[in-house]
Enquirer: 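Got a structure for you, questions after.
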Amino acid sequence: MKKTIVIGVTGGIAAFKVAQLVSNLKKKGYEIHVIMTESATKFVHPITFETLSNNRVSIDTFDRNFQYDVEHISLAKKADLFVVAPATANVIGKIANGIADDMLTTTIMACTCPKIICPAMNTNMLNNPITQDNINKLKGYGYHFVDSGDGFLACGDVGSGRLANLDIIEDEIEIVLSKKPLLNKKILISAGPTIEAIDPVRYITNHSSGKMGYSLAIAARNLGADVTLVSGKTSLKKPHKVNVIDIVSADDMFKEITSISEKFDVIIMSAAVADYRPKNVSDSKIKKSLDMSIELERTKDILEHIGKNKKENQVLIGFAMETEDLIENAKVKLEKKNADYIIANNLNEKGAGFKVDTNKVTIISKNENKEIDLMDKSDLAYLILDYCLKEE
Ligand code: CTP
């Protein structure tokens with residue numbers, strides 16, 4: 001069923017950015033109701049939010065032109081989540097002190113659902129101990145906050161107080177609305193390609209985009225896990241509330257992962273780790289001559305190393321990328337690397353593997369080969385976590 005989000009917009013210049021937020025959330029399939037304060041309507045016309053949300057915007061508690069139910073109570077009952085963005089110092093102060101004198105503050109007061117506050121204001125107003133006390137008081141009552149970012153403010157100052165980026169607000173919404181079956185689980189995920197230097201200019205790498213590993217990290221975070229992502233170089237943005245450790249080479253990844261792997265309940269190796277690296281890395285650029293060859297040596301197999309040293313109750317999930325004999329090869333990897341699951345994908349299958357947003361996999365375990373239909377990597381991430389960690 002569609003979840004309902006009530007968005008409270010207050011009177012700050014960042015109100016215009018919230019129009020985009022409403023549009024993004026609507027596209028994700030949420031039912032959106034917007035409540036504006038009188039001062040918010042001085043920055044953005046309610047018609048903007050009405051058009052984007054397909055719902056009437058509420059402003060006035062005593063508006064007589066509405067269907068007969070007590071509007072702030074009916075909205076409060078409908079809401080799965082209440083987001084205040086931008087939240088001025090004024091509205092934070094009112095909510096923290098139980099003042100309900102307009103549609104927004106009366107509705108939030110009547111809401112029992114989770115609430116997210118996204119402050120946006122002048123730096124000095126934000127740093128004012130009164131505002132900070134109010135924020136801390138609301139945090140104590142269980143309100144979630146998306147901290148404002150640093151930058152150029154409309155008042156001409158430079159500092160903290162800018163409304164957080166919309167993608168961070170959207171991430172926080174996903175986190176707050178998700179069920180938390182993985183709460184208290186520590187999950188380590190590797191993602192992306194590794195890079196093996198030949199000389200200061202050239203290197204050997206592969207086509208991994210990191211999308212599968214990042215999707216797993218985001219899904220695990222939303223489901224309540226404490227997630228560490230060891231990532232090779234990708235163009236993806238660092239996920240909010242995930243501890244990201246950047247690495248370059250297979251050896252860097254080996255060192256980072258093996259130094260912390262003991263602390264994790266679940267380890268997922270979705271990185272495309274190089275199997276070979278140049279035996280000698282030249283300090284200076286290799287000048288061209290006739291034919292040349294590069295001598296390669298094996299890198300360490302991280303999954304195999306962790307498999308050999310696996311802690312009791314630790315769940316180890318690897319990937320297998322194959323172009324032939326998918327199941328047979330993946331089964332050999334399951335055994336050899338002492339993994340609990342191997343997520344096998346065939347590079348020759350349409351929509352599977354590197355760079356694309358979808359994947360088609362078979363989840364291999366000792367007792368079962370579970371074929372999964374082609375699907376978006378972000379949906380597949382939830383399915384993998386659910387399937388592999390269901391008895392956890
Ligand atoms: N892997 C690893 N360390 C390596 C190579 C691979 O931890 N040096 C992990 C991958 O992250 C993946 C699994 O091992 O989870 C299988 O990787 P894959 O490249 O499919 O297989 P390889 O073990 O490298 O074997 P082959 O290249 O012969 O298929």
Side-chain angles (χ1 to χ4, degrees), residues 187-197 203-217 220 228-234 245-262 264 266-279 296-310 314-349 352-355 359-366 369 372 377 380-381 384-385 387-389:
I187 303 191
L188 177 62
I189 298 171
S190 72
T194 58
I195 291 180
E196 310 303 326
Y203 55 77
I204 300 171
T205 188
N206 58 62
H207 289 299
S208 170
S209 64
K211 274 180 195 148
M212 193 64 245
Y214 276 60
S215 298
L216 282 161
T228 296
L229 180 65
V230 179
S231 174
K233 201 168 178 216
T234 79
I245 301 172
D246 292 315
I247 57 90
V248 177
S249 67
D251 198 43
D252 296 341
M253 187 172 269
F254 180 87
K255 284 182 185 138
E256 288 293 349
I257 290 185
T258 52
S259 69
I260 53 176
S261 60
E262 266 203 357
F264 291 86
V266 181
I267 300 172
I268 308 179
M269 281 296 302
S270 64
V273 189
D275 292 321
Y276 293 94
R277 65 171 166 235
K279 192 164 186 180
L296 301 177
E297 64 180 5
R298 285 287 301 272
T299 56
K300 290 183 198 135
D301 192 310
I302 307 168
L303 184 58
E304 195 172 323
H305 179 90
I306 308 170
K308 280 195 180 124
N309 299 287
K310 197 162 83 158
Q314 207 169 36
V315 178
L316 193 52
I317 304 172
F319 275 71
M321 192 149 265
E322 307 291 348
T323 49
E324 55 211 344
D325 303 328
L326 177 73
I327 307 296
E328 297 72 25
N329 284 334
K331 281 226 170 260
V332 171
K333 284 177 190 170
L334 181 82
E335 183 90 9
K336 185 163 172 253
K337 306 197 184 201
N338 194 26
D340 298 287
Y341 299 93
I342 290 284
I343 317 297
N345 45 162
N346 186 341
L347 269 185
N348 292 336
E349 192 103 39
F354 288 134
K355 284 188 171 165
N359 208 354
K360 167 130 185 37
V361 305
T362 303
I363 306 180
I364 315 269
S365 59
K366 238 182 224 146
N369 302 340
I372 311 289
K377 284 178 179 167
L380 180 60
I384 291 172
L385 293 172
Y387 182 83
C388 300
L389 307 180

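Ligands are counted one by one from 1 in listed order, and the atoms in each one are counted from 1 as well.
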Enquirer: Would you be so kind as to tabulate the donor-acceptor pairs closer than 3.5 Å made by side chains of residues 316-324, with sequence neighbours excluded?
Expert:
{"unit_1": "E322", "atom_1": "OE1", "unit_2": "N329", "atom_2": "ND2", "d": "3.4"}
{"unit_1": "E322", "atom_1": "OE2", "unit_2": "K333", "atom_2": "NZ", "d": "2.5"}

Enquirer: In terms of heavy-atom contacts, does CD of E328 have more than 12 from other residues, nucleotides or ligands at under 6.0 Å?
Expert: yes

Enquirer: A side-chain contact here means heavy atoms from C-beta on lying under 4.5 Å apart; do E196 and T205 qualify?
Expert: no

Enquirer: Would you say the side chain of I195 lies within less than 4.5 Å of the side chain of K233, judging by non-hydrogen atoms?
Expert: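 The answer is yes, as the side chains (C-beta and beyond) meet within the 4.5 Å cut-off.
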
Enquirer: List, ordered by chain and residue number, the protein residues whose closest non-hydrogen atom lies under 4.0 Å from any atom of ligand 1.
Expert: M269, A271, V273, A274, D275, T299, K300, D301, I302, L303, G318, F319, A320, M321, K333, K337

Enquirer: Let me know which of M269, K336, K308 forms a side-chain contact (heavy atoms from CB on, under 4.5 Å) with L303.
Expert: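 Result: among M269, K336, K308, M269 is the only option passing the side-chain contact (heavy atoms from CB on, under 4.5 Å) with L303.
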
Enquirer: Heavy atoms only: give me the nearest T194-N206 pair and the separation to one decimal.
Expert: N-ND2, 4.2 Å

